[in-house]
K.L.:
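Got a structure for you, questions after.
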Number of protein chains: 4
Amino acid sequence: MTRKPQQSRSRATVDAIIQAGFLVVAREGLEGTTTRHIADAAGISVGSLYEYFANKEAIYDAMYEHIVRDIVGTIRPLIPKLVTMGERDAVVELLYQFRQLLMRDQGRYLHYASYAMHLAQREHLEPLKRMLHDLLTQYAMHHPRVLKIQSIPAMGYIIINGGIFAVIRHLSEPAPVINFETLVKGLGDMVHYCIEGALEEAGSGTD
Amino acid sequence: MTRKPQQSRSRATVDAIIQAGFLVVAREGLEGTTTRHIADAAGISVGSLYEYFANKEAIYDAMYEHIVRDIVGTIRPLIPKLVTMGERDAVVELLYQFRQLLMRDQGRYLHYASYAMHLAQREHLEPLKRMLHDLLTQYAMHHPRVLKIQSIPAMGYIIINGGIFAVIRHLSEPAPVINFETLVKGLGDMVHYCIEGALEEAGSGTD
Amino acid sequence: MTRKPQQSRSRATVDAIIQAGFLVVAREGLEGTTTRHIADAAGISVGSLYEYFANKEAIYDAMYEHIVRDIVGTIRPLIPKLVTMGERDAVVELLYQFRQLLMRDQGRYLHYASYAMHLAQREHLEPLKRMLHDLLTQYAMHHPRVLKIQSIPAMGYIIINGGIFAVIRHLSEPAPVINFETLVKGLGDMVHYCIEGALEEAGSGTD
Amino acid sequence: MTRKPQQSRSRATVDAIIQAGFLVVAREGLEGTTTRHIADAAGISVGSLYEYFANKEAIYDAMYEHIVRDIVGTIRPLIPKLVTMGERDAVVELLYQFRQLLMRDQGRYLHYASYAMHLAQREHLEPLKRMLHDLLTQYAMHHPRVLKIQSIPAMGYIIINGGIFAVIRHLSEPAPVINFETLVKGLGDMVHYCIEGALEEAGSGTD
DNA sequence: CATGAATGAGTATTCATTCAT
DNA sequence: AATGAATGAATACTCATTCAT
């Protein structure tokens with residue numbers, strides 16, 4: 001169905017389409033996004049669009065993959081530094097980076113991300129999960145006391161899902177009641193308190 | 001265009017349409033939902049639908065309003081009891097009630113709720129916000145020590161947004177990695193740790 | 001999918017669409033026929049077309065059914081008369097009737113018939129086959145000597161398929177080398193010769 | 001637009017395209033056949049296709065011409081032999097050869113032939129008609145008694161059109177009610193009976 | 001000569017909305 | 001008030017044809 005053009009020109013076109021996808025979703029919303037919109041925004045014809053993608057869904061998939069790859073590519077290099085930091089600072093650092101990424105190109109990613117949350121193609125999320133797992137594992141190796149915490153799965157689930165959502169929602173709100181700094185600081189504190197609290201309950205707590 | 005019908009028959013029809021809306025969204029997804037589907041499910045004609053609602057969007061709005069009203073109507077009566085409980089138990093109780101509500105009628109509300117997050121007509125959320133504010137205020141009056149916590153707004157924002165999202169996401173997942181009990185317990189613990197941690201940091205803490 | 005409107009108005013619309021189908025296929029050919037063409041010719045909107053037919057294919061099916069019903073409805077009443085005639089006259093009579101039918105409304109049926117030959121939805125052909133079978137059976141009862149012919153299946157297959165095709169092709173030709181009367185007379189003769197020849201070979205031949 | 005290439009390479013490419021045409025029509029049907037399919041099957045690019053043919057229609061034309069040329073090229077050499085045979089055997093021999101041709105390369109020609117009947121560019125049929133005329137003429141010269149038959153044109157028309165169609169249809173049917181041998185034998189008999197019958201009617205008949 | 005990416009008019013089909021009955 | 005047939009703009013997707021490289 002889809003031609004697979006392999007020149008660098010093609011790679012550029014594929015990228016253009018993906019970027020156009022983010023642009024149009026940001027401008028028109030997911031329901032308002034049409035293949036023609038995307039083609040126009042990418043500066044190509046509808047026909048060409050279908051040279052590169054089998055259908056609209058495939059574009060959304062590629063966008064999903066792109067955004068995941070971008071997040072992983074941005075955060076992974078930070079892992080060595082993050083693991084040496086205290087949990088508060090690490091969370092703060094992490095979320096600032098996350099915001100910067102979502103707000104790139106006038107918030108182009110942000111809108112798609114807010115829809116993507118329940119499109120959730122699980123396969124595409126794998127690299128992200130792997131990275132988070134690596135981050136946690138290495139963090140634990142540098143801070144062995146956290147290994148005593150029993151409820152890591154539950155808290156991880158909540159912190160990751162809830163935290164990401166809270167940030168996306170905050171960035172999407174036209175007039176949020178708290179500013180981003182406060183939000184991030186709060187999340188850092190929460191993670192810290194949870195670790196401390198969980199450790200205390202588990203018994204003692206020395207670093 | 002739209003009459004605002006006061007007669008009980010009309011009110012019943014409006015309700016039927018709204019319930020049909022939840023039913024159809026649950027069955028077909030938001031994209032798969034058509035006015036015809038809704039009219040059929042409501043047992044009326046498309047023509048009649050437009051007698052009661054100006055357009056499809058208006059139905060979604062009404063659904064939003066309805067679900068918010070339902071949540072508030074369910075939770076608000078619990079406030080007196082919740083404020084007497086410890087934070088852990090309160091959170092747990094709250095979230096079980098929330099789940100029960102979302103899962104009513106074979107999860108009719110759940111699907112819409114998962115989409116509603118970014119349909120989000122902010123005005124409609126007001127009653128919910130007010131109720132949560134009341135809950136927190138009255139909780140604080142019964143547990144004055146929490147008033148010492150400075151970062152209440154941030155933590156409130158995170159816990160509420162993140163918690164709601166985490167629960168909705170969890171209920172929507174076909175095979176979640178943790179079970180609901182663990183999730184709820186975890187959220188309760190987190191709130192508890194956060195309060196304890198924040199208080200400890202703020203100085204000392206007598207109840 | 002398809003509304004099933006049941007008033008007489010609807011039946012009229014369905015007929016209009018089917019007739020429009022024949023008209024457009026005659027004018028534009030099968031490949032040149034679009035749903036818009038048909039809707040226009042039927043004097044309705046595309047949307048309405050799909051109120052009555054699930055898709056384009058369904059229209060072709062209905063046309064097929066219609067033409068078969070029309071043929072059967074025209075020929076079957078003639079059976080009592082045909083069976084009393086000699087084979088030559090019966091064939092001639094049959095084919096004149098067939099031509100008249102195909103040429104109805106400026107040859108509206110003819111074009112579709114020429115395409116329909118290899119679309120051949122077998123189920124729709126059943127009534128036609130049944131009628132031909134009845135015709136042959138009753139003919140044989142009036143002319144018992146033909147029962148002695150062994151190669152009836154083969155000759156039936158050839159005469160029916162070949163004969164129908166020869167007629168359709170002849171009617172479709174802009175400048176046929178022989179005229180219709182000659183063609184029909186020839187077919188009558190052939191059937192006659194075949195019967196006589198086959199009977200002679202089978203042994204004797206008295207009526 | 002179209003070059004008329006005389007070089008052998010070009011001739012080979014043209015042939016490849018034509019063969020690809022038959023292949024694709026057989027595989028995908030006429031409606032499912034695209035220029036891209038044909039180009040791929042021919043092992044060339046779409047661009048090259050248009051170097052050799054002005055448009056898709058021109059390819060179909062060439063296919064038509066090719067198949068006619070092929071039939072003529074196969075049958076004409078048989079004429080000397082056929083004219084010495086009895087009409088039954090001649091018909092049988094002719095149709096077996098015809099079948100073999102249609103079934104060549106897994107029935108590559110057959111599908112196109114079944115569509116070609118109403119694509120029917122009449123000019124292309126000329127060589128075929130000429131050959132059939134020659135066959136009949138020479139046959140008559142070897143069997144002078146058939147010259148007495150008056151209705152030769154009509155019967156020729158019917159036998160040829162009807163016979164060809166009956167064979168093509170039979171070969172196309174997934175589960176024909178009679179087998180090919182019976183069909184061919186039947187056609188032979190019919191021709192025989194028609195000749196005998198016509199002669200008898202015309203007066204007497206010595207070979 | 002060859003390529004294959006680019007084009008865009010054209011196709012079937014859907015669906016929110018209207019309006020005559 | 002209720003109906004549901006009618007509408008037609010809009011959508012995703014295709015494919016014959018062109019043309020820069």
Side-chain angles (χ1 to χ4, degrees), chain A residues 1-7 9-10 13 31-39 43-59, chain B residues 1 3 5 7 9-10 13 31-40 43-59, chain C residues 1-7 9-10 13 31-39 43-59, chain D residues 1 3 5 7 9-10 13 31-40 43-59:
Chain A
M1 312 288 148
T2 332
R3 311 283 108 221
K4 280 276 169 186
Q6 55 282 79
Q7 293 88 20
R9 183 132 94 92
S10 306
T13 308
E31 305 242 318
T33 297
T34 71
T35 48
R36 193 172 297 264
H37 280 324
I38 297 179
I44 59 169
S45 67
V46 228
S48 291
L49 198 78
Y50 283 90
E51 290 280 331
Y52 293 98
F53 291 95
N55 50 40
K56 206 185 172 190
E57 204 58 29
I59 301 175
Chain B
M1 314 277 154
R3 324 283 160 87
Q7 300 85 15
R9 181 136 107 91
S10 302
T13 308
E31 306 243 320
T33 296
T34 71
T35 49
R36 191 119 74 178
H37 280 324
I38 297 177
D40 285 353
I44 59 169
S45 66
V46 238
S48 293
L49 199 77
Y50 281 87
E51 203 65 36
Y52 292 98
F53 291 94
N55 51 38
K56 206 186 175 189
E57 203 59 28
I59 301 174
Chain C
M1 310 290 148
T2 331
R3 310 285 108 221
K4 281 277 170 182
Q6 55 282 78
Q7 292 88 20
R9 183 132 95 93
S10 305
T13 308
E31 305 241 319
T33 296
T34 71
T35 49
R36 191 172 298 264
H37 279 324
I38 297 179
I44 59 170
S45 67
V46 231
S48 292
L49 198 77
Y50 282 89
E51 290 279 332
Y52 293 97
F53 291 95
N55 51 39
K56 206 186 172 190
E57 203 59 28
I59 301 175
Chain D
M1 314 277 151
R3 323 282 160 87
Q7 299 85 13
R9 182 136 108 90
S10 302
T13 309
E31 305 243 320
T33 296
T34 71
T35 49
R36 192 120 73 178
H37 280 324
I38 297 178
D40 285 353
I44 59 169
S45 66
V46 237
S48 292
L49 200 77
Y50 281 87
E51 202 66 35
Y52 292 99
F53 291 94
N55 51 39
K56 206 187 176 189
E57 203 59 28
I59 301 174

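A, B, ... follow the sequence lines: proteins, then strands. Residue 1 opens every chain.
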K.L.:
Assess whether side-chain contact (heavy atoms from CB on, under 4.5 Å) is satisfied between B:Asn55 and B:Thr35, documenting all intermediate values.
P.N.:
CA-CA 9 Å; B:Asn55 51 38; B:Thr35 49; over 6 Å; no
K.L.:
Holding to side-chain hydrogen bond (donor to acceptor under 3.5 Å, both in side chains), I want the full list of residues that pass it with D:Ser45, two or more places apart in sequence or in another chain.
P.N.:
D:Ser48
K.L.:
Out of E:dA16, E:dT7, E:dA2, which nucleotide sits closest to the side chain of A:Glu51?
P.N.:
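Of the candidates, E:dT7 comes closest.
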K.L.:
Please determine whether a side-chain nitrogen or oxygen atom of D:Tyr50 lies at a distance below 4.0 Å from atom OP1 or OP2 of E:dG4.
P.N.:
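Answer no for this pair, as no side-chain N or O of D:Tyr50 is under 4.0 Å from OP1 or OP2.
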K.L.:
Which one, E:dT17, F:dA6, F:dA2, comes nearest to the side chain of C:Tyr52?
P.N.:
F:dA6
K.L.:
Examine F:dA16: is either OP1 or OP2 under 4.0 Å from a nitrogen or oxygen in the side chain of D:Thr33? Give yes or no.
P.N.:
no
K.L.:
In whole Å, what is the span from the CD1 atom of C:Ile59 to the P atom of E:dT11?
P.N.:
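Taking CD1 of C:Ile59 and P of E:dT11, I get 14 Å after rounding.
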K.L.:
Taking only Watson-Crick and G-U wobble pairs with both distances under 3.5 Å, what dot-bracket line describes DNA chain F, where [ ] shows pairs that cross earlier ones and | shows pairs with another strand?
P.N.:
.||||||||||||||||||||
K.L.:
Tell me whether the OP1 or OP2 atom of E:dA16 has a side-chain N or O from B:Thr35 closer than 4.0 Å.
P.N.:
yes
K.L.:
Hey, could you give me the OG1/NZ distance between C:Thr33 and C:Lys56, rounded to the nearest 0.5 Å?
P.N.:
6.5 Å
K.L.:
Quick one, D:Ile38 with D:Val46, criterion side-chain contact (heavy atoms from CB on, under 4.5 Å). Give me CA distance, side-chain angles, the key distance, then yes/no.
P.N.:
CA-CA 8 Å; D:Ile38 297 178; D:Val46 237; over 6 Å; no
K.L.:
Would you mind telling me which residue lines up with the more 5' stretch of DNA chain F, A:Lys56 or B:Ile44, judged by nearest nucleotide?
P.N.:
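Of the two residues, B:Ile44 wins.
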K.L.:
Round to the nearest Å and state the distance from C:Glu31 atom CD to E:dG10 atom P.
P.N.:
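From C:Glu31 CD to E:dG10 P: 16 Å.
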K.L.:
Within this structure, what is the NE2-to-P distance between A:His37 and F:dA12, rounded to whole angstrom?
P.N.:
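These atoms are roughly 9 Å apart.
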K.L.:
Give every pair of a protein N or O atom and an N or O atom of nucleotides 8-10 of chain F that lie under 3.5 Å apart, one pair per line with the distance.
P.N.:
| unit_1 | atom_1 | unit_2 | atom_2 | d |
| --- | --- | --- | --- | --- |
| F:dG8 | N7 | C:Gly47 | N | 3.4 |

K.L.:
Please give, in whole Å, the distance from E:dA2 P to D:Asp40 CG?
P.N.:
16 Å
K.L.:
What is the distance from CG of A:Leu49 to P of F:dC13, rounded to the nearest Å?
P.N.:
9 Å
K.L.:
Working to the nearest 0.5 angstrom, can you tell me the gap between B:Thr13 OG1 and B:Ile44 CD1?
P.N.:
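Spacing of OG1 (B:Thr13) from CD1 (B:Ile44) equals 6.5 Å.
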K.L.:
Of all the heavy-atom pairs spanning C:Ser10 and C:Tyr52, show the shortest one and how long it is.
P.N.:
CB-CE2, 3.7 Å
K.L.:
Provide, to the nearest angstrom, the distance between the CD1 atom belonging to B:Ile38 and the P atom belonging to E:dC15.
P.N.:
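Answer to the nearest Å: 12 Å.
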K.L.:
Are D:Arg36 and A:Glu51 within salt-bridge range, i.e. N to O under 4.0 Å?
P.N.:
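The answer is yes: the pair qualifies as a salt bridge.
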